[in-house]
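Read through the structure below, which is laid out as structure tokens, and then see the notes.
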Amino acid sequence: MKELIESKWQEILNILVKEHEISEVAVNTWIQPLIIQTITDDSITFFMVRGPRGIEFIKHKYYDIYLSMAIEQVTGKQFKILFTDSNSAAPKSEPKKVSVPAEYIGNLNPRYTFDTFVVGPTNKMAHAVSVAVAESPGGAYNPLFLYGGAGLGKTHLMHSIAHHIINNRPDLRVLYVTSEKFTNELIDSLKHDKNKEFRDKYRNIDVLLIDDIQFIIGKESTQEEFFHTFNELHEAKKQIVISSDKHPREIATLEERLRSRFEWGITADIQPPDYETKMAILKKRAELEHLDINQEVMQYVATNINSNIRELEGALNKIYVFANLEKKPVTLELAENALKDTIECQKEVTPQLIMDVVAEHYNISVSDIISKKKNKEIANPRQICMYLSRKYTDYSLQNIGKIMGNRDHTTVIHGHDKIGKMLETDENLKSNLDIIIKKLNPPT
Ligand SMILES: Nc1ncnc2c1ncn2[C@@H]1O[C@H](COP(=O)(O)OP(=O)(O)OP(=O)(O)O)[C@@H](O)[C@H]1O
């Protein structure tokens with residue numbers, strides 16, 4: 001039986017990719033290197049070179065169950081799959097070398113690889129620098145700071161970098177964490193007097209990828225700890241990859257010393273995808289999930305979902321769940337029905353919504369905007385509201401003026417023109433407006 005399974009190993013791996021939709025990278029990382037250690041009547045024990053954490057991961061992903069099914073498909077016999085990280089019983093003839101395992105802490109999504117990432121004009125640069133970092137960690141781009149709105153692919157790129165390094169440089173220890181996890185572990189270590197363990201973990205690695213840094217930045221003590229972690233790793237030429245919803249200079253609570261460090265390397269943004277990229281993402285997703293989807297339905301989804309790629313994928317899933325429930329084929333009519341609520345829910349851009357978003361962005365209140373206050377901190381956001389209301393709504397000048405504190409329509413024209421002129425030269429204003437527009441999510 002052992003010989004049979006070994007001779008059919010490639011076929012088993014192919015089944016995992018094709019029928020159980022485990023990505024090729026995950027199969028190559030986790031399953032391909034497994035070595036059969038013992039076989040009994042009803043179980044197979046595999047030796048795994050990556051140690052206990054890898055075993056936990058494999059079980060967490062149910063790969064043992066899929067592997068059992070694939071083996072059954074090839075041999076006709078069902079086995080329970082077990083793993084061990086002790087190679088004492090591993091046959092001496094096995095030539096496989098047990099190298100220092102790459103750390104696989106944190107749960108990397110096997111689907112988030114460079115292969116499954118669709119490149120378009122709005123993420124081209126972020127993708128290119130991510131590939132460069134993955135190819136030579138600790139090289140020219142350190143730190144790499146990726147930023148952009150929710151659901152646009154930052155986590156996908158970070159996991160892709162981690163997968164690539166783990167696969168190509170098994171000598172490097174790679175640690176991916178969300179900043180929430182970093183914060184929780186720090187708090188926990190302080191509470192239980194385990195600061196040394198915490199530091200050992202975060203400072204003895206070769207690549208640190210930290211997602212959604214904005215959560216760390218909100219808290220002084222975590223910012224302090226992160227500052228020291230950053231310095232130590234950077235001085236030792238270890239790669240740091242950071243993601244955030246904003247550019248470092250837009251993060252109000254970020255300490256200056258960290259801000260300047262974040263800009264030492266390279267910053268790259270991801271903007272919402274254009275129509276063609278949305279179509280390409282839907283196509284790729286349909287391919288990966290083996291979904292049969294026609295062009296018309298994809299066009300409908302790509303045209304109507306503007307917010308982000310997570311929503312785009314969510315819409316596709318919704319259509320298929322709906323089709324399954326209704327037991328009907330996926331047609332345009334069915335897609336329209338399935339997405340009725342989702343599409344209606346995309347918020348209409350109104351002067352009120354603009355005031356809410358602008359006020360939140362500049363940390364002022366809507367009543368400040370409609371007040372008579374003339375100081376720059378208030379007057380400037382107010383004029384931004386006027387500019388955006390003219391650009392993104394059908395409201396008349398009179399109505400916009402009325403909503404924004406009973407102002408005259410000439411004030412609205414003045415506000416609009418002033419911001420328009422400033423945008424020609426003021427880069428800072430431009431990037432603030434980019435963020436605000438992203439939050440407003442106007443139809444494209
Ligand atoms: N260019 C892309 N090609 C294919 N899939 C993508 C692309 N960009 C994003 N996605 C998919 O969209 C979903 C959301 O992406 P991701 O979680 O990486 O977003 P994010 O920017 O990290 O969002 P958040 O800030 O909310 O954490 C994921 O399923 C991801 O695979």
Side-chain angles (χ1 to χ4, degrees), residues 21-26 61 106-131 133-134 144-164 176-183 208-218 241-248 250-251 262 267-291 293 298 301-302 305-321 342 361 434-435 438-439 441 444:
E21 298 178 16
I22 304 178
S23 77
E24 256 173 64
V25 173
K61 291 284 180 190
N107 202 358
L108 291 187
N109 187 329
R111 184 170 68 76
Y112 292 177
T113 63
F114 287 126
D115 286 348
T116 58
F117 190 84
V118 175
V119 184
T122 59
N123 61 22
K124 206 164 75 188
M125 161 89 172
H127 173 261
V129 287
S130 296
V131 171
V133 163
L144 165 60
F145 192 100
L146 296 170
Y147 68 100
L152 294 180
K154 301 181 294 294
T155 303
H156 191 138
L157 276 180
M158 291 185 110
H159 285 208
S160 306
I161 297 172
H163 281 304
H164 189 96
Y176 164 86
V177 276
T178 60
S179 67
E180 208 179 348
K181 185 155 188 254
F182 179 92
T183 307
L208 174 64
L209 304 108
I210 189 149
D211 210 349
D212 284 328
I213 195 85
Q214 65 269 21
F215 296 114
I216 284 187
I217 297 317
V241 182
I242 299 164
S243 87
S244 166
D245 61 344
K246 294 193 184 103
H247 187 279
E250 311 300 341
I251 309 174
F262 287 171
T267 56
D269 71 329
I270 308 187
Q271 294 290 330
D274 59 2
Y275 175 78
E276 280 72 27
T277 313
K278 283 195 270 183
M279 286 293 283
I281 289 171
L282 287 170
K283 227 166 165 179
K284 183 106 196 171
R285 196 91 184 95
E287 242 172 65
L288 289 170
E289 305 267 341
H290 306 289
L291 303 174
I293 182 165
M298 282 202 288
V301 177
I305 303 289
N306 300 313
S307 26
N308 64 50
I309 298 166
R310 192 175 290 121
E311 301 280 332
L312 198 70
E313 293 182 342
L316 196 64
N317 287 342
K318 220 166 168 180
I319 293 173
Y320 279 88
V321 169
T342 315
H361 183 82
D434 283 346
I435 294 168
K438 219 180 297 165
K439 287 186 188 161
N441 184 29
T444 45

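In listed order, ligands and their atoms are each counted from 1.
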- Message: When you compare the side chains of Asp211 and Ser243, does any donor N or O come within less than 3.5 Å of an acceptor on the partner?
- Response: yes
(message) At less than 4.0 angstrom from any atom of ligand 1, which residues have a non-hydrogen atom? List them by chain and residue number.
(response)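 Around ligand 1, where the cutoff is 4.0 Å for heavy atoms, the contacting residues are Arg111, Tyr112, Thr116, Phe117, Val118, Asn123, Gly149, Ala150, Gly151, Leu152, Gly153, Lys154, Thr155, His156, Asp212, Ile281, Ile309, Arg310, Glu313.
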Those residues at least two apart in sequence (or on a different chain) that pass salt bridge (charged side-chain N to carboxylate O under 4.0 Å, His left out) with Glu250 are none
| message | Could you check whether any side-chain N or O of His163 sits under 3.5 Å from a backbone N or O of Asn109, counting only pairs where one atom can act as donor and the other as acceptor? | response |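 Side chain of His163 to backbone of Asn109, a donor-acceptor pair under 3.5 Å: yes, one is there.
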message = Once ring pair (Phe, Tyr, Trp, His ring centres under 6.0 Å) is applied, do any residues pair with His361, and if so which ones, sequence neighbours excluded?
response =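 Not a single residue meets the ring pair (Phe, Tyr, Trp, His ring centres under 6.0 Å) criterion with His361.
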Value for CG (Leu312) from OG1 (Thr277), rounded to nearest 0.5 Å, stands at 10.5 Å
Can you pull the side chain to side chain donor-acceptor pair (under 3.5 Å) pairs that have at least one residue in residues 117-131, sequence neighbours excluded?
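Listed once each, the pairs would be none.
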